[in-house]
Amino acid sequence: MPVLPISLPNVRKLDQMPSWPEWVDLRVRSMKDECQRSLVDGKYRTLPTLPVNLVLTRDQREVIERYVSDVNALLQQTPARHEDSERATLAKITVLLMGQFRNARLTAVEAEIAGKHYLLALRDVP
């Protein structure tokens, strides 16, 4: 079975998540929880396991590690951590505020200022 890459979700269409490649899906469906002794401290714990014939190859492990790294990079793209994300969020908030205050004749500058205050207020929200 070829080691196909794992597709990242399209951040513009999060309601349409890509399917796992067959080699990943097979392993996810084959996982079982087993009570095993820990090699670290000797205590028994319930751990997710795979059948021996489905243990990841080096190529599969590299694809998964790359996917995890790419997903973590996506998760870092927040207004607080990523300048492009901050600009995009501010632009979206400004558009929303302009729509809300159309009757009040809010100028683009006023909407941008309100958007910056809104972002500042949400800075601690994950």
Side-chain angles (χ1 to χ4, degrees):
M1 186 178 318
V3 181
L4 298 173
I6 305 172
S7 301
L8 287 173
N10 180 344
V11 294
R12 295 182 183 273
K13 297 180 181 179
L14 290 177
D15 59 327
Q16 300 173 5
M17 295 300 286
S19 299
W20 295 113
E22 186 179 339
W23 66 270
V24 174
D25 187 54
L26 175 63
R27 281 153 182 82
V28 170
R29 287 184 286 113
S30 300
M31 288 175 58
K32 292 183 180 176
D33 287 338
E34 298 285 340
C35 189
Q36 295 185 350
R37 188 178 187 149
S38 170
L39 298 175
V40 176
D41 61 11
K43 295 181 180 178
Y44 283 87
R45 292 187 176 80
T46 301
L47 303 169
T49 62
L50 283 173
V52 173
N53 63 327
L54 293 179
V55 171
L56 297 173
T57 66
R58 183 182 346 198
D59 291 343
Q60 292 167 336
R61 184 176 297 277
E62 287 173 2
V63 168
I64 288 176
E65 287 172 353
R66 190 174 324 116
Y67 176 77
V68 169
S69 174
D70 292 346
V71 167
N72 284 333
L74 271 179
L75 294 174
Q76 293 299 313
Q77 294 180 11
T78 64
R81 296 183 179 145
H82 198 262
E83 191 174 318
D84 290 340
S85 295
E86 182 174 14
R87 273 195 298 274
T89 303
L90 179 58
K92 184 62 85 175
I93 290 171
T94 302
V95 167
L96 292 171
L97 288 172
M98 290 292 290
Q100 181 180 356
F101 294 113
R102 278 193 187 143
N103 292 338
R105 304 222 186 267
L106 191 67
T107 68
V109 173
E110 292 169 328
E112 183 178 348
I113 291 169
K116 287 182 179 179
H117 284 101
Y118 191 81
L119 275 179
L120 185 62
L122 292 176
R123 201 155 299 273
D124 63 337
V125 176

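Among all heavy-atom pairs drawn from Leu47 and Gln36, the shortest one is CD1-OE1, 4.0 Å. Closest non-hydrogen pair, Pro51 versus Ser30, comes out as CD-O, 3.8 Å. Considering all non-hydrogen atoms of both residues, Trp23 and Leu4 come closest at NE1-O, 2.9 Å. The heavy-atom pair separating Trp20 from Asp25 by the smallest distance is CB-N, 4.1 Å. The heavy-atom pair separating Gln60 from Val3 by the smallest distance is CG-CG2, 3.8 Å. Of all heavy-atom pairs spanning Ser7 and Pro18, the tightest one is O-CG, 3.5 Å.
Cluster membership for Tyr67 and Val28, using ILVMFWY side-chain heavy atoms within less than 4.5 angstrom, is shared. By the rule that hydrophobic residues join a cluster once side-chain heavy atoms approach within less than 4.5 Å of another member, Leu74 and Ile64 end up as members of one cluster. Transitive grouping of hydrophobic side chains (ILVMFWY, heavy atoms separated by less than 4.5 Å) brings Val71 and Val24 into a common cluster. Linking ILVMFWY side-chain heavy atoms closer than 4.5 Å, directly or via other members, places Met17 and Leu75 in two distinct hydrophobic clusters.
Enclosure of atom CD in Glu65 by more than 12 non-hydrogen atoms of other residues, nucleotides or ligands within 6.0 angstrom is indicated.
Asp84 is linked by a salt bridge (Lys or Arg N to Asp or Glu O under 4.0 Å) to Arg87, counting only residues two or more places apart in sequence or in another chain.
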Run the numbers on Gln16 and Asn10 for side chain to side chain contact (heavy atoms under 4.5 Å, CB included), then give the verdict. CA-CA 8 Å; Gln16 300 173 5; Asn10 180 344; over 6 Å; no
Does the pair Val63 and Arg61 meet the rule for a side chain to side chain contact (heavy atoms under 4.5 Å, CB included), with working shown?
CA-CA 5 Å; Val63 168; Arg61 184 176 297 277; over 6 Å; no
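Residues Met31 and Leu50 are in side-chain contact: their nearest non-hydrogen atoms beyond the backbone lie under 4.5 Å apart.
Interatomic distance, Glu62 CD to Thr57 OG1, rounded to the nearest 0.5 Å: 8.5 Å.
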